[in-house]
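Both ligands and their constituent atoms are indexed starting at 1 by order of listing. Note that this is a predicted model, so its numbers are computed, not measured. Numbering of residues begins at 1 and proceeds along the displayed sequence.
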Amino acid sequence: MNLNLVCIPGDGIGPEIVAQAKKVLDKVASVYGHEINYTDILMGGASIDVHGIPLTDEAIATAKAADAVLMGSIGGDTNTSPWYQLPPEKRPEAGLLKIRKALNLFANLRPAVLYDELSGACPLKEEISKAGFDMMIMRELTGGLYFGERKTTTENGVRKAVDTLSYDENEIRRIAIKGFDIARKRRGKVTSVDKANVLDSSRLWRAVVNEVAKDYPDVTLEHMLVDNCAMQLVKDPAQFDVILTENMFGDILSDEASMVTGSIGMLASASLNDTKFGLYEPSHGSAPDIAGKDLANPIATILSASMMLRYTFDLDKEADAIDAAVQQVLKDNYRTGDIFSEGCEKVGCNQMGDLIVERIC
Ligand code: NAD
């Protein structure tokens, strides 16, 4: 297969971690007989330095023409970098919002996996963490409360603020379809999370998810209220496969789920539109404090590349090969500084990339 990828190395540790993911993809391509073409574009601070803005229209056009985008991370030290003296729409993060909008990326996927070898980093009690967990949070990204009408007024000397939470059935249906499709590639269970005991938007959410479920008789659907879900994530995270939810609930629950893994350098993510196209990036930021020192953990980016093979290209075998190589490197006790524990061998970003490449088969 020919894979046309756009890469956004970005800022901070971005270029280091993307370089490792490319090495891993190249090894997969050579073992499984694929051809990968990479085109790099600038975004964030790197684009500001060259073009004065965080993302150019040309860069967007290049991304649109690709099959998928693999990104490192963007942004600098928000206290010291001159990028943060610029008006908000010219700062690095504006590039990210612009590309998400331009590519219509409405579905955000964040896996939260507890690896046996890293269970010591999990802040949950051992009796809970010993069961392990492997879940995928699927969050609607372009609707709901964050995009609804809002205003602040003063009435009779009293300040008042209003935010609006609205969803139409089409917005719900397209994300639900993505959620069920992804459950089919996993353990076949969807937990749809809402607040249907209070909110009309949640009652519509639940009704539409039930309609979509009829086309997926092989996938088990359950509904859970968001307050209960927040508790269950720390009480019994092993019960979850795909958590399907709206924008604000997903924002909060996905951060909670990543915290319980305890290892920020391991968390991949993807943002998808209604085609096979996706933007794949680690969940963490550009870590300016360790940039250029060969200290970054590249695994979140490498696992994002694995998600890209699985969800954009349907190359499940190849994605499995990457996931297995990551697991093996942990079993073999190699760790970057962020996940290091006594008795393991500490390695840098580049060596971690090489060790994973060696284990691709
Ligand atoms: P951060 O995730 O960059 O860093 C938080 C802490 O985690 C730091 O101590 C960092 O060294 C560590 N860390 C993060 N990734 C790591 C990795 N792969 N390996 C080892 N350690 C790692 O968050 P922050 O410090 O709040 O933000 C830094 C910059 O990143 C800001 O400019 C922010 O806006 C940007 N940011 C970008 C994205 C994105 O590109 N999608 C996401 C979040 C933050």
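Interface of A296 with ligand 1, defined as ligand atoms under 4.0 Å from a residue heavy atom, comprises 19 (N). When each atom of ligand 1 is checked for a heavy atom of M71 under 4.0 Å away, the hits are 40 (O). Numbered from 1 in the order shown, with element, the atoms of ligand 1 that lie under 4.0 Å from a heavy atom of H284 read 2 (O), 14 (C), 15 (N), 18 (N), 42 (C). Atoms of ligand 1 lying under 4.0 Å from at least one heavy atom of P288, given by number and element, are 28 (C). The atoms of ligand 1 that sit less than 4.0 Å from any heavy atom of I290 are 11 (O), 20 (C), 21 (N). Proximity to A287 (heavy-atom distance under 4.0 Å) selects the following atoms of ligand 1: 3 (O), 10 (C), 11 (O), 13 (N), 14 (C).
Within the 4.0 Å heavy-atom criterion, the part of Y84 lying near ligand 1 is the side chain and not the backbone. Residue contacts with ligand 1, taken as heavy atom pairs separated by less than 4.0 Å, do not involve I17 at all. Contact annotation: for L96 versus ligand 1, heavy atoms closer than 4.0 Å belong to the side chain alone. Here I264 has side-chain heavy atoms under 4.0 Å from ligand 1, and that is the only part of it that gets that close.
N228 and Q232 share a side-chain donor-acceptor pair at under 3.5 Å. With no hydrogens or angles considered, a side-chain donor-acceptor pair links W83 and D49 at under 3.5 Å. Judged purely by distance below 3.5 Å, without hydrogens or angles, the side chains of D200 and Y167 never pair a donor atom with an acceptor atom. Using modelled atom types, one finds no donor on one side chain facing an acceptor on the other under 3.5 Å when comparing S286 with D11. For the residue pair N297 / H284, no side-chain donor-acceptor distance below 3.5 Å is found, with atom types taken as modelled.
In terms of polar-atom proximity, G265 is not counted as a contact of ligand 1, lacking any N or O under 3.5 Å from an N or O of the ligand. Geometrically, ligand 1 and S73 share no nitrogen or oxygen pair separated by less than 3.5 Å. Taking distance alone, with nitrogen or oxygen atoms compared against 3.5 Å, L295 stays at or beyond that limit from ligand 1. At least one N or O atom of G76 sits closer than 3.5 Å to an N or O atom of ligand 1. Distances between N or O atoms of T78 and those of ligand 1 include no value under 3.5 Å. Taking any N or O of G75, backbone or side chain, none lies under 3.5 Å from an N or O belonging to ligand 1. The distance criterion of under 3.5 Å between nitrogen or oxygen atoms is not met by S283 with respect to ligand 1.
Note that R174 lies in the cation-pi zone of F106, set by a 6.0 Å cut-off to the ring centre and a 45° limit from the axis. For the pair K22 and Y38, the cation sits on the ring face: its NZ or CZ lies under 6.0 Å from the ring centre, inside 45° of the axis.
Looking at D181, D316, D134 one by one, the single match for salt bridge (Lys or Arg N to Asp or Glu O under 4.0 Å) with R186 turns out to be D134.
With respect to R173 and E169, a salt bridge is recorded, a charged nitrogen being found less than 4.0 Å from a carboxylate O.
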* **Residue pair Q20, K23: steps toward the side-chain hydrogen bond (donor to acceptor under 3.5 Å, both in side chains) verdict** => CA-CA 5 Å; Q20 307 316 311; K23 281 198 305 211; 2.7 Å; yes
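Here the shortest heavy-atom pairing between P282 and G72 reads CD-O, 3.2 Å.
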